[in-house]
Amino acid sequence: MSIKIKPVEQINEGQKNTMVSFLGIEITDVTENSISGKMPIDERHIQIMGVLHGGGSVVLAETLGSIAANMSVDTEKYACMGLEINANHIRPVPKGKWVYGTATALHVGKKTHVWEIKMTNEEGKLTCISRITMAVVERFH
C-alpha cells in the first residue's frame, strides 16, 4: 500500500467550500504511509465548556482517513467512503489552541480500508485516537 503523494496545496485547494475548509482544517504533510493535518480550536469547534467538541475531533479524523484512503486507490475506478468511525477522547483541547492529526493504514484491502488517526495537542500529548473503516466502491460512470 502506498499513498499517491500530491502537494499539500493541491489537496487543500480541493477542500474549498466544504466542511473541511469551513472548520479551518489544513493538510500539512503527506508521505507514502501517512497523511497529517491540523485544525484550530475556535468558536466553530468548542462545546459549552470551552474545549474542542468531540464531534470536531471526529471530523478531523474522518477528513484525514478519507483523504488518505482515496489517495491510496485508482480514483478513476474507485472511491472510498466512510462505513464506520469511532473515537476515544483522551484529553481536552481548549479554545485558542491547535489539534494535530495523523492517519496511518492498519489494513488496505480491495473492498475495505481501516485507518487509525492519532490526534495530539500543541505539546504532542495524545488528545484523541480514532479508527475509520472505509468502503472501496466502484465509481459510477
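- In this structure the side chain of Val99 never reaches within 4.5 angstrom of the side chain of His45, judged on heavy atoms.
- Closest of all the heavy-atom pairs between Ala68 and Ile35 is CB-CG2, 3.4 Å.
- The environment of CD in Glu138 is sparse: at most 12 heavy-atom neighbours from other residues, nucleotides or ligands sit within 6.0 Å.
- One hydrophobic cluster, built from ILVMFWY side chains closer than 4.5 Å, cannot hold both Met134 and Ile129; they sit in different ones.
- Taking OH of Tyr78 as the reference point, atom NZ of Lys111 lies at 8.0 Å (rounded to 0.5 Å).
- Summarising the local packing, NE2 of His53 is surrounded by 12 or fewer heavy atoms from other residues, nucleotides or ligands at distances under 6.0 Å.
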Candidate pair Ile67 and Gln15, rule side-chain contact (heavy atoms from CB on, under 4.5 Å), full reasoning: CA-CA 10 Å; Ile67 291 171; Gln15 302 301 316; 3.8 Å; yes

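- Atom CZ of residue Arg91 and atom NZ of residue Lys125 lie 5.5 Å apart, to the nearest 0.5 angstrom.
- The heavy-atom pair separating Ser57 from Leu52 by the smallest distance is OG-CD2, 3.2 Å.
- Separating the CD1 atom in Ile132 from the CH2 atom in Trp115 is a distance of 11.0 Å, to the nearest 0.5 Å.
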Stepwise side-chain contact (heavy atoms from CB on, under 4.5 Å) check, Val93 with Met119: CA-CA 10 Å; Val93 182; Met119 288 161 266; over 6 Å; no

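- Hydrophobic clustering, with ILVMFWY side chains joined whenever heavy atoms are under 4.5 angstrom apart, keeps Val51 apart from Ile46.
- Within the 4.5 Å cutoff, the side chain of Asn33 has no heavy atoms near those of the Thr104 side chain.
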Leu106 vs Arg131, side-chain contact (heavy atoms from CB on, under 4.5 Å): CA-CA, chis, key distance, verdict: CA-CA 9 Å; Leu106 298 177; Arg131 188 179 64 224; 4.0 Å; yes

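- Val136 approaches Gly109 most closely through the heavy-atom pair CG2-O, 4.3 Å.
- Nearest heavy atoms, Glu26 versus Trp98: OE2-CH2, 4.1 Å.
- Grouping the Ile, Leu, Val, Met, Phe, Trp and Tyr side chains by contacts below 4.5 angstrom, directly or via other members, places Leu83 apart from Leu64.
- Rounding to the nearest 0.5 Å gives a distance of 8.5 Å between NZ of Lys16 and OG of Ser21.
- Grouping the Ile, Leu, Val, Met, Phe, Trp and Tyr side chains by contacts below 4.5 angstrom, directly or via other members, places Ile117 apart from Ile90.
- Taking each heavy atom of Thr102 and Ser34 in turn, the nearest pair found is CG2-CB, 3.9 Å.
- When all heavy atoms of Val8 and Thr28 are compared, the pair lying nearest together is CG1-C, 3.8 Å.
- One hydrophobic cluster, built from ILVMFWY side chains closer than 4.5 Å, cannot hold both Val58 and Tyr100; they sit in different ones.
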Chi angles and distances behind the side-chain contact (heavy atoms from CB on, under 4.5 Å) call for Val59, Ile25: CA-CA 9 Å; Val59 171; Ile25 296 171; 4.0 Å; yes

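- Taken to the nearest 0.5 Å, the CZ atom of Arg139 stands 8.0 Å off from the CD atom of Glu76.
- Within the model, atoms NE2 of His113 and SG of Cys80 stand 4.5 Å from one another, a figure rounded to the nearest 0.5 Å.
- In this structure the side chain of Val30 never reaches within 4.5 angstrom of the side chain of Lys6, judged on heavy atoms.
- For residues 58-72, the set of pairs meeting the salt bridge (Lys or Arg N to Asp or Glu O under 4.0 Å) definition, not counting sequence neighbours, is empty.
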